[in-house]
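Have a look at the structure below, then the notes.
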2 protein chains.
Amino acid sequence: MQDAVLAMLAKEPSHGYHLHARLRRSLGPLGESMNRGQIYVTLARLERAGLVVGERADGLPERPERKVYALTPAGQQRVAAWLAEVGWPKPDLAEFHLKLAAAAAARLADPVELVAAQRRELLRRLREAQHAALAEPAGWGAGLLLEGVVLRLQADLRWLDACERAWSKVDDEVEGG
Amino acid sequence: MQDAVLAMLAKEPSHGYHLHARLRRSLGPLGESMNRGQIYVTLARLERAGLVVGERADGLPERPERKVYALTPAGQQRVAAWLAEVGWPKPDLAEFHLKLAAAAAARLADPVELVAAQRRELLRRLREAQHAALAEPAGWGAGLLLEGVVLRLQADLRWLDACERAWSKVDDEVEGG
DNA sequence: TGGCCAATAGATAGCGGTTAGCCGTGGGAG
DNA sequence: CTCCCACGGCTAACCGCTATCTATTGGCCA
């Protein structure tokens with residue numbers, strides 16, 4: 001979050017609400033779940049850390065005062081460092097994996113059924129993402145982002161196939177033994 | 001985290017350290033980054049929420065006391081509800097996307113270079129995951145999990161190709177215009 | 001027997017993120 | 001004129017995670 005805000009400020013100074021809007025625009029449909037309040041919390045922390053300075057700017061005379069934030073040299077340095085990083089979020093498939101194991105171990109549900117339900121959900125999301133992609137410029141901006149979402153969902157669906165193969169074999173053994 | 005602990009307890013009651021070990025075993029190489037302390041925090045919260053009861057059990061007479069936790073009826077109910085959910089973690093490609101946009105907008109780095117660096121990193125992780133998969137039973141347990149990681153990394157690499165196409169086109173336009 | 005060390009077991013502080021909700025202003029609908 | 005809603009900003013409370021600290025015990029070695 002901090003990095004995202006700094007990235008926006010690297011382009012141009014903004015106040016909180018504007019930053020929120022810019023982030024949402026930049027992320028397209030995926031940015032809709034963003035919390036507005038978090039922007040202010042983040043900005044306050046960045047200011048306390050000296051990465052950003054906020055200046056009161058009374059644009060229109062009678063509107064609530066807004067604080068326009070801009071990068072400090074330390075902030076610019078941090079943006080540069082962030083760009084140089086090559087991090088990537090670790091895939092979090094563990095939850096579903098544990099779910100299957102727990103369902104089987106505690107005899108609370110049929111793992112193969114869980115896989116089927118999950119596949120229905122992912123197919124739903126896949127259609128949703130493909131539909132949302134139609135409203136965006138293909139191969140650009142938020143459309144590019146949605147392309148990534150689609151590729152991931154397809155990969156996850158293939159993983160579900162592998163899960164089904166694995167767990168249906170277990171069922172056979174249990175029933176057969 | 002809470003759900004993962006409850007899932008373990010659904011199979012059999014355990015004390016904190018044992019739970020940690022079971023989770024790590026269940027997740028294989030991917031569980032190595034888990035923090036041991038988090039187990040106790042989670043157990044305390046679950047107990048306060050009435051989903052779990054801890055009973056002092058002095059197994060060996062002179063060992064430090066350990067608390068063996070077990071599900072309450074409310075806890076079992078929550079496990080059942082968790083199994084019925086069909087949630088799936090949302091793909092978090094936004095960070096890299098913002099990085100490319102910030103790099104281009106603030107003229108701080110070449111987006112195509114960033115994509116190349118990221119691809120090198122993902123290829124490294126792909127080899128790592130494939131190597132780790134060799135040490136696990138294929139198509140089962142932690143091996144299945146690693147299979148999912150591999151599929152995801154391959155999808156992400158394909159997305160990087162799309163990113164490169166998009167941003168190299170932008171570079172052409174900038175240089176040409 | 002005494003001393004050290006690793007493993008076991010648990011607790012705590014603090015950071016970052018999320019959510020819910022409050023406050024004040026202004027503009028428009030009724 | 002009143003009421004309601006959108007805007008802009010903020011606070012409080014919670015959750016998850018990590019790092020770090022303590023304490024006990026068993027094993028090893030001298």
Side-chain angles (χ1 to χ4, degrees), chain A residues 1-6 8 13-25 27 30-52 54-69 78 82 87 89-90 92 94-95 98, chain B residues 1-9 13-25 27 30-52 54-69 78 82 87 89-90 92 94-95 98:
Chain A
M1 195 69 213
Q2 295 207 359
D3 291 316
V5 169
L6 288 172
M8 290 289 117
S14 293
H15 55 94
Y17 204 87
H18 188 204
L19 277 173
H20 181 244
R22 284 174 65 197
L23 273 172
R24 282 184 64 123
R25 241 198 334 279
L27 297 180
L30 279 74
E32 275 158 24
S33 61
M34 267 198 1
N35 189 295
R36 214 168 38 75
Q38 181 59 15
I39 289 286
Y40 304 103
V41 180
T42 302
L43 283 170
R45 281 203 274 258
L46 289 174
E47 188 167 26
R48 222 184 313 133
L51 301 173
V52 133
E55 199 180 354
R56 279 214 138 56
D58 35 18
L60 293 81
E62 299 295 349
R63 302 282 297 222
E65 283 188 342
R66 357 179 248 186
K67 258 172 113 175
V68 172
Y69 288 88
R78 163 130 172 214
W82 177 64
K90 284 191 191 145
D92 37 1
E95 181 183 343
L98 289 175
Chain B
M1 196 68 214
Q2 294 204 359
D3 291 316
V5 169
L6 289 173
M8 288 289 119
L9 291 180
S14 293
H15 54 95
Y17 202 87
H18 189 204
L19 278 172
H20 181 246
R22 284 172 66 195
L23 272 172
R24 281 184 63 125
R25 241 199 333 278
L27 296 179
L30 279 72
E32 274 158 26
S33 61
M34 267 198 358
N35 189 298
R36 214 166 40 75
Q38 180 60 13
I39 289 286
Y40 302 103
V41 179
T42 304
L43 282 171
R45 279 204 273 260
L46 289 174
E47 188 168 26
R48 220 183 315 133
L51 301 174
V52 134
E55 199 179 353
R56 277 213 140 58
D58 35 17
L60 293 82
E62 298 297 346
R63 303 280 301 240
E65 282 189 343
R66 359 179 247 187
K67 260 170 110 173
V68 172
Y69 289 88
R78 164 132 171 211
W82 177 65
K90 284 191 190 142
D92 37 0
E95 181 182 345
L98 289 175

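All heavy atoms count here, side chains included; hydrogens, waters and symmetry mates do not.
Position along DNA chain C of the nearest nucleotide to B/Val41 versus B/Tyr17 favours B/Tyr17 as the more 5'-ward residue. Position along DNA chain C of the nearest nucleotide to B/Tyr69 versus A/Gly37 favours B/Tyr69 as the more 5'-ward residue.
Distance CZ (A/Arg66) to P (D/dA6): 20 Å, rounded to an integer number of Å. The distance between atom NE2 of B/His20 and atom P of D/dT18, rounded to the nearest whole Å, is 10 Å. In this structure, A/Leu23 atom CG and C/dG17 atom P are separated by 13 Å, rounded to whole Å. With rounding to whole Å, B/Leu43 atom CG is found 15 Å from D/dC17 atom C1'. The CG-P distance, from B/Asn35 to C/dG10, rounds to 15 Å in whole Å. As a whole-Å value, the separation of B/Ile39 CD1 from C/dT8 C1' is 14 Å. Following rounding to the nearest Å, A/Lys67 (NZ) and D/dC10 (P) show an atom-to-atom distance of 6 Å. The CZ atom of A/Arg48 sits 13 Å away from the P atom of D/dC10 (whole-angstrom rounding).
Of the candidate nucleotides C/dG17, C/dT19, D/dG16, D/dG16 has the atom lying nearest to any side-chain atom of B/Arg45.
Residue B/Arg36 places no side-chain N or O under 4.0 Å from the OP1 or OP2 atom of D/dT20. For B/Gln38 and D/dC17, the shortest distance from a side-chain N or O to OP1 or OP2 is below 4.0 Å. One finds a side-chain N or O of A/His15 lying less than 4.0 angstrom from the OP1 or OP2 phosphate oxygen of D/dG9. The side chain of A/Tyr40 places no N or O atom within less than 4.0 Å of a non-bridging phosphate oxygen (OP1 or OP2) of D/dC10.
A donor-acceptor pair is defined here as one N or O able to donate and one able to accept, closer than 3.5 Å; such a pair exists between the side chain of A/Arg22 and the backbone of A/Met8. The backbone N or O of B/Tyr17 lies less than 3.5 Å from no partner atom in the side chain of B/Arg36, so there is not a single donor-acceptor pair.
Taking NE2 of A/His20 as the reference point, atom OH of A/Tyr40 lies at 8.0 Å (rounded to 0.5 Å).
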Take A/Gln2 and A/Trp82 through the side-chain hydrogen bond (donor to acceptor under 3.5 Å, both in side chains) test and state the conclusion after the steps.
CA-CA 11 Å; A/Gln2 295 207 359; A/Trp82 177 64; over 6 Å; no
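Contact detail for B/Ile39 and B/Leu23: the closest heavy-atom pair is CD1-CD1, 3.9 Å.
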